[in-house]
Amino acid sequence: MGTANAGNDTYDRVTILLHWATVAIVVALFALAWFPGVIKASIFYHKTIGILLLGLIPIRILWRLFLGRKTNTSASEPLLLRLGAQAAHLALYALLLIVPLLGWLYQDAKALPVYAFGIELPMLTYYNREQAALIFEIKKIAAYGLLALIVAHAGAAIVYHHMMRKDGVLRSMLPSCLRATISGFGLLALTSGSAMAQAPFDVNKYAADLAASLAKACPMASTSDVAAHDSCRQEIGKGAESSMRDYHFLFGGQQPARHWLKDKKTSVFRGDLFQQLYMSLYMYTGKYRVETAADGLTVVGVQAYFRNGLPPGQYPYPFWHSNNKWAAYEQSNELRFRLDKNGKVVFAYRADIGSNENRGPYAHVERPSFLGEWMWRDDSGGAQPRITLFSGFYSNDNPTLPALEDSYRKMAISLRNADCTVCHQPEGHSRMNKLTLLQTPLHAATSIDAILYEVRAGKMPVDDHDDPKALSPAIAKALLDNGEAFKKVLDSADEWERANGRPKARKVQTR
Ligand code: HEC
């Protein structure tokens, strides 16, 4: 908004440098996002460069406010235009900060580490699959809003100032031309988490109820007692623990007091699946403790001992594929839940830092060596592991069971054709810290929404550098069609459970 006589009124070098550095970064960001895989690991570079903006833009703003040369502005412009231009510049700066912040939040909500030049940045928010998808959509809108503003901004400089008014505004930034008055960071507040308004959560009561309920559903028994395990699977999920059934959280091994979750291998499970398949492998004594973790979350630890003598089909997959893993399960004596202030599980993990006093005799069980099959058939031809099948998860008299099997089978073929299960199976931890298992009926079922979302958004599958990789149209279509069909059948199975008053019927339609 320089005036026609401001031809020699240019910005200082630092301002010009910062302006064009921003342009270069933004161009690179869009190019890397739009054409993933053109450079190897382009999404990795996109993230790294995006974080750069969070350093650069504040420097720009400070420079602009306190040190930069101000050009002789605007008096000859109509007031409305001047205000409009100021608002646009303010929005530009705001979006240049908001978009990378949303990217950071998105990574956190997916429990992916955020790095700036090798240094891991702090977590702004905890793992939350649904929130991640929402943040990503907002980020997309913000990024395209930013792009639109940039186009308008460049258009104003080139067409309006340079060609129509023939003033010095374009030249003042040449390499030149961005000016804005920036007055506040109020918009940043917009991005801070999602506080749910809820009644105060009483963690001590919850912990006592949880421990009592688990001890009732899954009491101590012989570690090889299949009937006790089946009864536990039947009963678990009806008491205080029912509140964690409807959403996804992370589960993993023992965590250090500080920096938990950092570089730790974890898996994503929906709560109901976690209870049926994983929590039910433990027996509970009713003892518990409540602690405050270094990160401010509350930890509820329930005393729990592992059933290590069951037949292979009772485990979600052969834990003994790794000796360490098997030993860690065998020796664990506490299941721990990190809860936020609303009582939502942020993270669950097994630990051996509890007490063994109620365990009874401990006996290591040696397992036959793992033959590489996550899914297999038993002697009578039945699919295994049996606890990952729909029977047992849904009521035996649920008339949707055959249709479920059928639609799952089609979905499974699609997942295989799209190479999804190459990574999303138990050994996938070699490729990712946070693993989403998709190789069994129940694991696929509880992630169906995320599967459809990731494929539609073009984010899955990825290649070895984690860059999105396009599926052939035929495979993508089959995957989405079979996925939608599978989801429909799952919904009607849930609906039947609800309509027939089954105690563990799903309340919410999110998975
Ligand atoms: C080369 C390995 C690889 C392949 C192949 C792959 N994925 Fe992934 N997948 C990953 C990694 C790594 C992540 C974690 C990154 C993330 O969450 O964005 C992930 C994340 C996901 C998530 C999100 C999990 C969550 O909790 O948010 C879903 C769902 C998913 N993949 C589905 C699929 C589907 C469907 C396919 C096949 C079309 C597929 N993946 C193929 C590696 C892979």
Side-chain angles (χ1 to χ4, degrees), residues 33 36-37 40-44 46-47 102-115 125-137 139-140 247-252 261 263-271 273-274 345-348 408 410-440 442-484 486-487 510-511:
K40 293 254 171 281
S42 54
I43 296 301
F44 169 81
H46 173 91
K47 294 173 186 173
L102 287 171
W104 184 344
L105 275 175
Y106 170 70
Q107 299 286 106
D108 280 345
K110 288 207 127 200
L112 301 172
V114 183
Y115 290 104
T125 184
Y126 294 113
Y127 180 79
N128 186 325
R129 181 183 269 179
E130 289 74 29
Q131 205 176 68
L134 181 68
I135 294 171
F136 187 78
E137 294 312 312
K139 170 170 173 269
K140 210 153 78 181
Y247 57 91
H248 292 82
F249 51 85
L250 303 171
F251 173 61
L261 262 190
D263 261 343
K264 276 285 168 181
K265 298 197 182 315
T266 60
S267 301
V268 177
F269 298 118
R270 198 173 69 191
L273 170 128
F274 176 63
V345 177
V346 167
F347 184 53
Y408 168 69
K410 292 193 182 118
M411 170 78 187
I413 292 170
S414 287
L415 285 176
R416 206 177 51 209
N417 289 344
D419 281 342
C420 310
T421 32
V422 173
C423 297
H424 291 280
Q425 42 97 349
E427 223 128 47
H429 268 317
S430 57
R431 295 170 167 275
M432 45 186 144
N433 273 337
K434 181 209 61 177
L435 177 64
T436 302
L437 293 168
L438 300 177
Q439 92 284 8
T440 79
L442 281 183
H443 287 97
T446 52
S447 278
I448 185 63
D449 282 341
I451 292 171
L452 293 170
Y453 173 78
E454 298 278 333
V455 173
R456 285 217 178 89
K459 296 202 257 171
M460 283 288 145
V462 291
D463 64 15
D464 288 345
H465 302 273
D466 285 344
D467 284 332
K469 192 171 71 173
L471 288 171
S472 86
I475 290 180
K477 181 172 184 326
L479 180 56
L480 290 173
D481 289 351
N482 291 330
E484 276 298 343
F486 181 43
K487 179 175 148 75
T510 53
R511 51 176 78 78

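We count ligands from 1, going down the list as the structure has it; atoms in each ligand are counted the same way. In what follows, every heavy atom counts, from backbone to side chain, and hydrogens, waters and symmetry copies are set aside.
Residues satisfying the side chain to side chain contact (heavy atoms under 4.5 Å, CB included) criterion with Ser267, sequence neighbours excluded, are Phe269, His429, Leu435.
Counting only heavy atoms from C-beta outward, the side chains of Asp464 and Arg431 approach each other to under 4.5 Å.
For the pair Lys459 and Phe136, the cation-pi criterion (under 6.0 Å, within 45° of the ring axis) is fulfilled.
Remark: Lys487 does not engage Glu484 in a salt bridge, criterion side-chain N to carboxylate O under 4.0 Å.
Protein residues lining ligand 1, listed by chain and number: Lys110, Leu112, Tyr127, Arg129, Val268, Ala418, Asp419, Cys420, Cys423, His424, Arg431, Met432, Lys434, Thr436, Leu438, Ala450, Ile451, Glu454, Val455, Met460, Pro461, Val462, Asp463, Asp466, Leu479 [non-hydrogen atoms, distance under 4.0 Å].
Ser447 places no side-chain N or O within donor-acceptor distance of the main-chain N or O of Ala444, the cut-off being under 3.5 Å.
Here the shortest heavy-atom pairing between Ala109 and Tyr127 reads O-CD1, 3.3 Å.
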